[in-house]
Visitor: 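Below is one structure. I have some questions about it.
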Amino acid sequence: MLGDGVVRGTSVAGPRAEVLSLDTLVRLKRMQQASGPLRRLPVPEGMTVPLGCDAVSVPARFGPLLLPRLPRVGCVYADRASWWWIVPSDSDVALEWPAPAHYATGAVVPDAPHTPGLIHRPAGTVPYTPPIPLYLAVCQVTGTTPVWSRPISA
């Protein structure tokens with residue numbers, strides 16, 4: 001990898017230069033399939049996902065603590081164990097979502113016996129909760145320092 005975040009390589013057909021950005025590499029990793037049946041959070045009828053669709057889950061005990069901290073709440077799903085928030089695709093790029101939060105690419109609910117139910121639907125046609133306010137709220141309720149506020153070590 002070069003310092004500019006670009007990987008250069010050769011193809012099987014010959015020594016031509018291929019340029020893969022870090023975004024492309026992230027997307028390729030995400031395309032790898034998980035084992036077991038995939039359950040996706042369904043976007044309600046009449047809503048559109050122009051920015052793609054991922055989700056962030058938190059343990060159910062944190063859900064009610066997050067709601068009043070958010071300027072806008074998109075679609076939220078819940079089961080006994082977790083609350084799930086719909087966010088635009090790639091909302092984890094350059095963010096380390098704090099434990100015990102879980103980032104789910106493609107809004108896939110891993111290892112769930114059933115799909116969580118919709119408990120909040122926003123007015124309008126866009127299902128997203130803005131990811132930065134959600135990230136900051138999750139950091140607050142978990143007592144985690146946001147990644148950009150942490151000291152840098154040499």
Visitor: Work out which heavy atom in Thr48 is nearest to a heavy atom in Pro127; give both atom names and the distance.
Guide: O-CD, 3.0 Å
Visitor: State, yes or no, whether a side-chain contact exists between Asp54 and Pro88 at a heavy-atom distance under 4.5 Å.
Guide: no
Visitor: Arg69 and Leu134: side chain to side chain contact (heavy atoms under 4.5 Å, CB included), yes or no, with the steps?
Guide: CA-CA 8 Å; Arg69 298 171 191 261; Leu134 178 59; over 6 Å; no
Visitor: Please check if atom CD in Gln140 has more than 12 non-hydrogen atoms from other residues, nucleotides or ligands closer than 6.0 Å.
Guide: yes
Visitor: Quick check: closest heavy atoms across Gly74 and His120, and the distance to 0.1 Å?
Guide: O-ND1, 2.9 Å
Visitor: What is the minimum heavy-atom distance between Arg72 and Thr129, and which atoms define it?
Guide: O-CG2, 3.7 Å
Visitor: So which atom in Pro130 and which in Pro133 form the shortest heavy-atom distance, rounded to 0.1 Å?
Guide: O-CD, 3.4 Å
Visitor: Mind telling me whether Trp148 and Tyr135 have parallel, tilted or perpendicular rings, with 30° and 60° as the class edges?
Guide: tilted
Visitor: Would you compute the distance between atom OG1 of Thr115 and atom CZ of Arg40 and round it to the nearest 0.5 angstrom?
Guide: 11.0 Å
Visitor: Between the side chain of Ser89 and the main-chain N/O of Cys53, is any donor-acceptor distance below 3.5 Å?
Guide: yes
Visitor: Rounded to the nearest 0.5 Å, what separates atom CD1 in Ile86 from atom CG in Leu51?
Guide: 12.5 Å
Visitor: Could you tell me if the side chain of Thr144 sits less than 4.5 Å from the side chain of Glu96, heavy atoms only?
Guide: no
Visitor: Quick check: do His114 and Asp79 have side-chain heavy atoms less than 4.5 Å from each other?
Guide: yes
Visitor: Taking C-beta and beyond as the side chain, do Pro100 and Val58 meet within less than 4.5 Å on heavy atoms?
Guide: no
Visitor: Taking side chain to side chain contact (heavy atoms under 4.5 Å, CB included) as the definition, give me every residue that meets it alongside Pro44, ordered by chain and number, with sequence neighbours left out.
Guide: Met47, Cys75, Tyr77, Leu118, Arg121
Visitor: Which heavy atom of Trp85 sits nearest a heavy atom of Leu70, and at what distance?
Guide: CZ3-CD1, 3.6 Å
Visitor: Please round to the nearest 0.5 Å and tell me the distance separating atom CD1 of Ile119 and atom CG of Leu67.
Guide: 7.0 Å
Visitor: So do the side chains of Leu95 and Ile132 get within less than 4.5 Å of each other, counting heavy atoms only?
Guide: yes
Visitor: Can you check whether Phe62 reaches Val138 side chain to side chain, under 4.5 Å on heavy atoms?
Guide: no
Visitor: Looking only at non-hydrogen atoms, find the nearest pair between Val56 and Ala101 and report the distance.
Guide: CG1-CB, 4.4 Å
Visitor: Please examine the side chains of Trp83 and Pro116, heavy atoms only from C-beta on, and report whether any two atoms are closer than 4.5 Å.
Guide: no
Visitor: Report yes if some heavy atom in the side chain of His102 is under 4.5 Å from a heavy atom in the side chain of Trp84; otherwise report no.
Guide: yes
